[in-house]
K.L.:
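Just passing along the structure, written as structure tokens.
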Protein chains: 4
Amino acid sequence: MKLSQRKMIRKKQQILFSAIGIVNKKGYAGATMEDIAAELLMTKGSLYYYFKNKSDLMYQCHNFVLSQASEDLERILNGEGSTKEILFKMVATHIDYAIEEKETFNLIMEPKRFFNEEQLKLVLELRKRYEGLFDQIISRGIQERIFSTEEPTIARMIILGAMNWIQQWYKPKGRLSKEELVEIYSDYIIKILK
Amino acid sequence: MKLSQRKMIRKKQQILFSAIGIVNKKGYAGATMEDIAAELLMTKGSLYYYFKNKSDLMYQCHNFVLSQASEDLERILNGEGSTKEILFKMVATHIDYAIEEKETFNLIMEPKRFFNEEQLKLVLELRKRYEGLFDQIISRGIQERIFSTEEPTIARMIILGAMNWIQQWYKPKGRLSKEELVEIYSDYIIKILK
Amino acid sequence: MKLSQRKMIRKKQQILFSAIGIVNKKGYAGATMEDIAAELLMTKGSLYYYFKNKSDLMYQCHNFVLSQASEDLERILNGEGSTKEILFKMVATHIDYAIEEKETFNLIMEPKRFFNEEQLKLVLELRKRYEGLFDQIISRGIQERIFSTEEPTIARMIILGAMNWIQQWYKPKGRLSKEELVEIYSDYIIKILK
Amino acid sequence: MKLSQRKMIRKKQQILFSAIGIVNKKGYAGATMEDIAAELLMTKGSLYYYFKNKSDLMYQCHNFVLSQASEDLERILNGEGSTKEILFKMVATHIDYAIEEKETFNLIMEPKRFFNEEQLKLVLELRKRYEGLFDQIISRGIQERIFSTEEPTIARMIILGAMNWIQQWYKPKGRLSKEELVEIYSDYIIKILK
DNA sequence: GATGAATGAGCTTTCATTCAT
DNA sequence: TATGAATGAAAGCTCATTCAT
């Protein structure tokens with residue numbers, strides 16, 4: 001790979017990071033190309049050298065965060081530890097993303113409103129992959145007779161919903177630290193799966 | 001109250017209903033004053049006779065739906081039935097609102113982005129009141145020794161999160177009917193509180 | 001028809017006239033919404049109250065001029081006079097439009113570049129109708145044995161091309177007045193059709 | 001001339017050819033520097049090493065094609081054959097350019113819009129030279145008493161206009177081949193000059 | 001010579017908001 | 001009360017042009 005290509009990629013990532021930050025603050029619609037460029041001391045126009053249009057940039061933001069989270073989970077899933085321990089780690093990771101990457105990670109927003117058909121297809125695939133990782137650990141638990149749940153898919157949805165909801169009320173300086181939170185959530189999640 | 005005032009109120013409500021419909025379809029940002037007016041065969045300009053600005057209208061939409069939901073829950077809470085039966089009814093009601101009034105009811109969106117300080121204060125109060133109703137039934141269950149949960153507030157958040165999440169994946173023509181869904185969710189919720 | 005509608009139509013026409021003027025000076029691509037609005041002491045934004053977008057406005061400009069020219073020709077065609085006299089009048093009218101309404105009337109520009117499919121269909125129909133009027137007078141002449149031309153369609157194209165070309169070199173203060181020009185052109189056109 | 005200069009010239013011509021191709025497809029305004037560079041696997045920036053700016057490049061495109069056409073006509077004019085035969089050949093050549101080099105050759109567009117004063121002067125001179133070639137053959141015909149036309153300049157304009165117009169309707173797969181077309185046109189042109 | 005990268009002016013378009021009538 | 005009309009700020013996007021390397 002040529003130097004220039006590497007530079008290109010690095011710059012793209014810089015922009016992505018900047019954009020992710022802005023989007024997490026202002027949401028997809030609220031983030032303007034100007035905002036994003038300004039943080040990097042660039043001009044609007046320059047962004048278009050790296051990304052086809054806003055939709056493309058937004059898509060890649062979501063993509064990036066979600067892919068990264070998926071990789072993290074996969075690493076955990078394929079790593080050491082008992083099923084329960086792995087589930088704990090996955091919960092911790094998910095909650096972390098949900099809190100720290102709020103909007104970009106946001107699995108809540110309606111993607112149809114922001115993405116075009118092609119992008120949408122990939123986004124939905126990515127999400128499926130991500131959710132599938134939770135399905136895997138759940139079914140592993142069922143096989144090991146640790147969990148016994150009749151509707152594993154619904155259970156997973158309940159669990160994800162519960163975790164995503166945290167970003168609505170979580171405040172860094174609240175009564176509970178993130179670690180305590182994860183602890184408590186994990187316990188409840190085990191209850192759901194029992 | 002004078003006739004003209006009553007007329008005013010009725011008209012306001014008409015607009016509110018129209019707006020709620022539009023917002024549920026297009027989201028807060030996506031709904032334009034034009035859209036809302038068009039559905040009532042009015043003109044944009046007229047809306048400003050009834051509402052100070054878009055923010056005000058949006059606020060009142062959210063307000064209206066949330067208040068109504070609160071009233072519904074209060075009626076259930078103060079009505080007949082065992083604690084479990086009441087919880088079931090509350091769950092059914094909440095899920096119904098979450099599905100049918102999607103965006104307007106949406107407790108997900110960040111209110112800071114749309115509402116000004118004054119509005120925000122009231123919105124947050126309203127939400128507190130709403131959440132409080134779930135807290136009440138939970139604590140009633142604890143007193144009756146039906147539920148035993150160490151972190152009732154967190155439990156409530158988990159429950160609400162799980163329920164709100166439904167709107168992300170629920171499709172009217174899916175495998176499960178709304179009634180079956182409520183049934184399953186209720187069972188899981190009991191598990192959480194046990 | 002209501003007063004407001006009539007006002008709307010009148011304003012639309014005002015804008016159309018202004019736009020036609022600008023387009024005739026700067027061409028379709030060169031005319032900006034700002035230019036057009038400025039001439040009427042309006043703002044860009046206001047134009048969008050009357051026309052969906054620039055393409056729509058441009059289309060209606062071309063449409064308007066071409067329709068008017070067609071009507072003029074039809075009136076002449078259905079009016080009094082010998083075939084030759086009518087042809088003379090038609091030539092005079094066409095040349096007048098070609099010179100005075102240059103760009104807007106322009107049958108030269110490639111419409112595919114400016115108009116969308118739907119508009120294009122109508123534009124091409126309109127043009128066909130316009131050209132058809134010349135075909136009619138030619139075939140009338142052939143029936144009357146005044147003209148004898150083996151390829152009447154090609155003859156018509158030659159005639160139209162010759163006339164449209166005038167706008168490339170005509171200058172109001174040139175050696176020949178518009179009237180003299182028409183005279184000379186008519187004679188040559190007769191030669192072509194003989 | 002140094003090697004580097006010759007290289008320069010060759011490269012310039014390559015760009016010119018590429019540009020001519022693009023312009024013939026998209027028109028003067030529609031052709032972007034990017035488009036032109038892309039076809040040569042160059043970058044936008046590089047074009048500026050060879051041409052001062054877009055206007056300059058466009059000018060040289062037009063220039064090049066027109067000069068070439070002029071040379072072709074001059075060769076014909078100074079070559080063998082009767083006046084009529086020469087005229088036929090000139091007509092064939094012109095029609096060929098008009099069809100194949102459409103936009104670049106296009107004498108239709110208003111040069112004032114694209115070219116600066118200096119360029120304009122040269123363009124107009126070039127055109128004059130080109131038109132003059134037709135004037136020459138016409139006046140030769142008049143001297144030979146083959147043609148008899150009172151307004152030879154106007155006749156020439158009519159003839160050129162008629163020929164340029166072909167590009168508006170000509171389709172390679174139409175009823176008539178280019179050769180048949182030339183035949184028919186030549187006959188009509190003789191009529192005009194008689 | 002060539003390029004990658006950046007710029008900035010200029011364009012179209014949207015939309016909440018205002019206000020005379 | 002209601003509306004038609006206008007406004008202006010702000011957004012997304014394009015592209016000729018520049019320039020350090």
Side-chain angles (χ1 to χ4, degrees), chain A residues 2-8 11-12 15 29-37 40-58, chain B residues 4 7-8 11 29-37 40-58, chain C residues 2-8 11-12 15 29-37 40-58, chain D residues 4 7-8 11 29-37 40-58:
Chain A
K2 283 198 219 137
L3 179 69
S4 64
Q5 276 181 309
R6 269 208 306 264
K7 259 191 181 169
M8 173 68 128
K11 189 82 193 191
K12 263 190 172 183
I15 295 173
T32 72
M33 295 301 266
E34 188 108 43
D35 288 338
I36 294 162
L40 291 164
L41 305 177
M42 300 172 79
T43 56
K44 260 193 299 192
S46 307
L47 293 184
Y48 288 86
Y49 184 73
Y50 297 96
F51 297 92
K52 230 178 79 227
N53 50 35
K54 188 184 174 184
S55 166
D56 181 34
L57 176 52
M58 294 295 106
Chain B
S4 63
K7 257 193 181 172
M8 174 71 143
K11 191 84 193 186
T32 71
M33 296 300 267
E34 186 98 44
D35 289 337
I36 294 162
L40 289 163
L41 305 177
M42 299 172 79
T43 57
K44 260 194 293 192
S46 309
L47 294 183
Y48 287 84
Y49 183 77
Y50 297 97
F51 298 91
K52 226 178 81 225
N53 49 35
K54 189 185 174 182
S55 165
D56 181 35
L57 176 53
M58 293 295 106
Chain C
K2 284 196 217 136
L3 179 68
S4 64
Q5 276 182 308
R6 270 208 305 265
K7 258 190 180 171
M8 173 69 128
K11 189 82 191 192
K12 263 190 168 180
I15 295 174
T32 74
M33 293 303 266
E34 188 107 43
D35 288 339
I36 294 162
L40 291 163
L41 305 177
M42 300 172 81
T43 57
K44 263 192 294 193
S46 307
L47 293 184
Y48 287 84
Y49 184 75
Y50 297 95
F51 297 91
K52 227 178 82 231
N53 50 36
K54 188 184 173 183
S55 167
D56 181 34
L57 176 52
M58 293 297 106
Chain D
S4 63
K7 258 193 180 170
M8 174 72 145
K11 190 84 193 184
T32 72
M33 295 301 266
E34 187 98 44
D35 289 337
I36 293 161
L40 289 164
L41 305 176
M42 299 172 79
T43 57
K44 260 196 291 191
S46 309
L47 295 183
Y48 287 84
Y49 183 76
Y50 297 97
F51 298 91
K52 227 178 81 225
N53 49 35
K54 189 183 173 183
S55 165
D56 181 34
L57 175 53
M58 293 295 107

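None of the values given here were measured: they were computed from a predicted structure. Each chain gets a letter, A, B and so on, in the order its sequence line appears, and its residues count up from 1.
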K.L.:
For A/L41 and for D/Y49, find the nucleotide of DNA chain E with the closest heavy atom, then tell me which residue's nucleotide is more 5'.
P.N.:
D/Y49
K.L.:
Report which part of the nucleic acid D/M8 touches: base, sugar-phosphate, or nothing (heavy-atom distance under 4.0 Å, all strands).
P.N.:
nothing
K.L.:
Atom CG of A/L47 to atom C1' of E/dT7: distance rounded to whole Å?
P.N.:
12 Å
K.L.:
Mapping B/K7 and C/K7 to their closest nucleotides on DNA chain F, which lands nearer the 5' end?
P.N.:
B/K7
K.L.:
Taking any heavy-atom pair under 4.0 Å as a contact, classify A/Y50: base, sugar-phosphate, or nothing.
P.N.:
sugar-phosphate
K.L.:
Is a side-chain donor or acceptor of A/K12 paired with a backbone partner of A/K7 at a separation under 3.5 angstrom?
P.N.:
no
K.L.:
Quick one: are C/M42 and C/Y50 in side-chain contact, heavy atoms under 4.5 Å?
P.N.:
yes
K.L.:
What is the separation between atom CD1 on A/I15 and atom P on E/dA5, rounded to the nearest whole Å?
P.N.:
10 Å
K.L.:
Generate the contact string for nucleotides 11-18 of chain F. Rules: B means base contact, S means sugar-phosphate contact only, - means no protein heavy atom under 4.0 Å.
P.N.:
SBBBSBBB
K.L.:
When you compare the side chain of A/Y48 with that of A/M33, does any pair of heavy atoms fall below 4.5 Å?
P.N.:
yes
K.L.:
To the nearest 0.5 Å, tell me how far A/I36 CD1 sits from A/L57 CG.
P.N.:
5.0 Å
K.L.:
Any idea which of E/dA6, E/dT3, F/dT7 is nearest the D/M42 side chain?
P.N.:
E/dT3
K.L.:
Of all heavy-atom pairs between B/T43 and B/A37, which one has the smallest distance, and what is that distance?
P.N.:
C-CB, 3.6 Å
K.L.:
Find the distance C/L57:CG to E/dT13:P and express it as a whole number of Å.
P.N.:
10 Å
K.L.:
Expected output check: what is the dot-bracket annotation of DNA chain E, where ( ) and [ ] are pairs inside the strand (brackets for crossing ones), | is paired with another strand, and pairs are Watson-Crick or G-U under 3.5 Å?
P.N.:
.||||||||||||||||||||
K.L.:
What is the distance from CG of B/L40 to C1' of F/dT1, rounded to the nearest Å?
P.N.:
15 Å
K.L.:
Without decimals, in angstroms, what is the distance between C/F51 CZ and F/dA5 P?
P.N.:
13 Å
K.L.:
B/M58 and B/N53: side-chain contact (heavy atoms from CB on, under 4.5 Å), yes or no, with the steps?
P.N.:
CA-CA 9 Å; B/M58 293 295 106; B/N53 49 35; over 6 Å; no
K.L.:
Rounded to the nearest 0.5 Å, how far does OG1 of B/T32 lie from NZ of B/K54?
P.N.:
7.0 Å
K.L.:
Please list all pairs meeting salt bridge (Lys or Arg N to Asp or Glu O under 4.0 Å) that have one or both residues in residues 40-53 of chain B, counting only residues at least two apart or in different chains.
P.N.:
B/E34-B/K44
K.L.:
For A/R6 and E/dA5, what is the distance between atoms CZ and C1' respectively, to the nearest whole Å?
P.N.:
18 Å
